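Okay, structure first, notes after.
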Amino acid sequence: MGRVTAIEPQARHANRYNLYVDDQFVFGLSAIFAGRVRVGQVLTDEELVKLEQDEAFETAYEKALRFLEPRPRSATEVKQRLLKKQIAVDAIDRVIIRLSEAGLLDDAAFAKYWVESREQFKPRAPRALRFELKRKGLSNADITQAIGEVDESDSAYRAGVERAKRWRNLERREFLEKLTAFLIRRGFAYGVAKEAVVRLWTESRAEEFDP
């Protein structure tokens with residue numbers, strides 16, 4: 001138990017305050033929590049612990065929201081981000097629950113978003129997509145559902161279109177070798193890559209001689 005003796009604004013952080021109890025600094029507070037205490041107020045040990053926990057939670061929640069602004073994230077990505085910011089694990093768990101309940105964190109929706117984005121801008125083989133999503137902490141069920149409708153042959157073809165245009169003046173053998181290697185690096189099976197490359201070569205020749 002102790003008496004609040006000072007609530008002072010921090011010099012380097014706007015809207016943050018230092019809380020002093022019995023003339024001793026205890027922890028920093030955001031403006032929302034600093035407004036809930038007053039100089040002279042007596043706080044029990046339990047109230048101080050609760051105040052510190054609530055402050056940690058709100059700080060973590062704000063950091064998580066900023067992290068989610070550019071694009072959707074997986075729950076694991078958010079957890080890892082907050083851990084790097086040295087947020088307490090119990091506060092992180094509360095943040096994850098709150099974000100999930102608010103519909104701001106949904107691993108199944110994130111997996112779908114990721115696959116659709118890849119398919120539109122940078123097609124990859126299903127096994128490459130699976131590897132990427134696994135690294136982001138997605139469950140096998142969410143991954144399988146997200147990549148279930150990916151057509152590997154079509155993805156391989158679309159993945160090779162721009163490179164085929166770039167290499168259209170190469171000799172056939174070099175064209176086939178370079179583009180096949182490129183698609184294999186994207187995770188496509190050799191047979192699928194080869195089929196797409198032959199199709200792209202044939203189309204490039206047809207366009208060249210099309211009157």
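Here the structure is a predicted model, which means the values were calculated and not measured.
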Within a 6.0 Å radius of atom [atom1] on [X], are there more than 12 heavy atoms belonging to other residues, nucleotides or ligands?
X: E132; atom1: CD; value: yes
X: K112; atom1: NZ; value: no
X: F27; atom1: CZ; value: yes
X: N15; atom1: CG; value: no

message: Assess whether a salt bridge exists between E195 and R199, defined as any Lys/Arg side-chain N lying under 4.0 Å from an Asp/Glu carboxylate O.
response: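 Between R199 and E195 there is no salt bridge, as every charged N stays at least 4.0 Å from the carboxylate O atoms.
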
Side-chain heavy atoms of [X] within contact of [Y], under 4.5 Å:
X: V4; Y: Y20; value: no
X: V37; Y: L29; value: yes
X: N140; Y: K134; value: yes
X: Y61; Y: L99; value: yes

With sequence neighbours excluded, residues passing side-chain hydrogen bond (donor to acceptor under 3.5 Å, both in side chains) with [X]:
X: R135; value: none
X: T144; value: R130
X: E152; value: none
X: Q10; value: H13, N18

query: Within the distance-only criterion (no hydrogens, no angle test), does the side chain of Q24 pair as donor or acceptor with the backbone N or O of V21 below 3.5 angstrom?
result: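 The answer is no, because no donor-acceptor pair under 3.5 Å joins these two groups.
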
query: Can any side-chain N or O of S74 pair as donor or acceptor with the backbone N or O of K136 at less than 3.5 Å?
result: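 Between the backbone of K136 and the side chain of S74 there is a qualifying donor-acceptor contact (under 3.5 Å).
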
Closest approach of [X] and [Y], non-hydrogen atoms and distance?
X: S100; Y: I96; answer: OG-O, 2.8 Å
X: A108; Y: D142; answer: CB-OD1, 3.6 Å
X: G187; Y: A128; answer: CA-CB, 4.2 Å
X: A64; Y: V78; answer: CB-CG1, 4.1 Å
X: P123; Y: A159; answer: O-CB, 3.7 Å

Rounded to the nearest 0.5 Å, what separation is found between the [atom1] atom of [X] and the [atom2] atom of [Y]?
X: K50; Y: Q53; atom1: NZ; atom2: CD; value: 7.5 Å
X: D154; Y: R158; atom1: CG; atom2: CZ; value: 4.5 Å
X: R81; Y: I92; atom1: CZ; atom2: CD1; value: 12.5 Å
X: L19; Y: Y17; atom1: CG; atom2: OH; value: 13.0 Å

Hydrophobic cluster (4.5 angstrom, side-chain heavy atoms) - remaining members for [X]:
X: L200; value: Y157, V161, W167, L170, F175, L176, L179, F182, L183, F188, V192, V197, W201
X: M1; value: V42
X: F110; value: Y113, W114, V115, L129, L133, L138, I143, I147, V150

field: Chi angles and distances behind the side chain to side chain contact (heavy atoms under 4.5 Å, CB included) call for V95, I87
entry: CA-CA 11 Å; V95 167; I87 302 297; over 6 Å; no

task: With sequence neighbours excluded, tell me which residues meet side-chain contact (heavy atoms from CB on, under 4.5 Å) with Y190.
output: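 Expected list: T180, I184, K194.
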
Non-neighbouring partners of K122 that pass side-chain contact (heavy atoms from CB on, under 4.5 Å), sequence neighbours left out: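 For K122, the residues satisfying side-chain contact (heavy atoms from CB on, under 4.5 Å) (neighbours in sequence not counted) are R118, R124, R186.
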
Pairs meeting criterion salt bridge (charged side-chain N to carboxylate O under 4.0 Å, His left out) with involvement of [range], two or more places apart:
range: residues 59-76; answer: R71-E77
range: residues 6-28; answer: R16-E55
range: residues 82-94; answer: D54-R94

Candidate pair E119 and S155, rule side chain to side chain donor-acceptor pair (under 3.5 Å), full reasoning: CA-CA 7 Å; E119 280 289 278; S155 294; 2.8 Å; yes

query: Does the pair R98 and E101 meet the rule for a salt bridge (charged side-chain N to carboxylate O under 4.0 Å, His left out), with working shown?
result: CA-CA 5 Å; R98 182 168 169 180; E101 290 176 345; over 6 Å; no

- request: Please assess V26 against L51 for the test side chain to side chain contact (heavy atoms under 4.5 Å, CB included), listing each intermediate value before the final yes or no.
  value: CA-CA 11 Å; V26 285; L51 185 61; over 6 Å; no

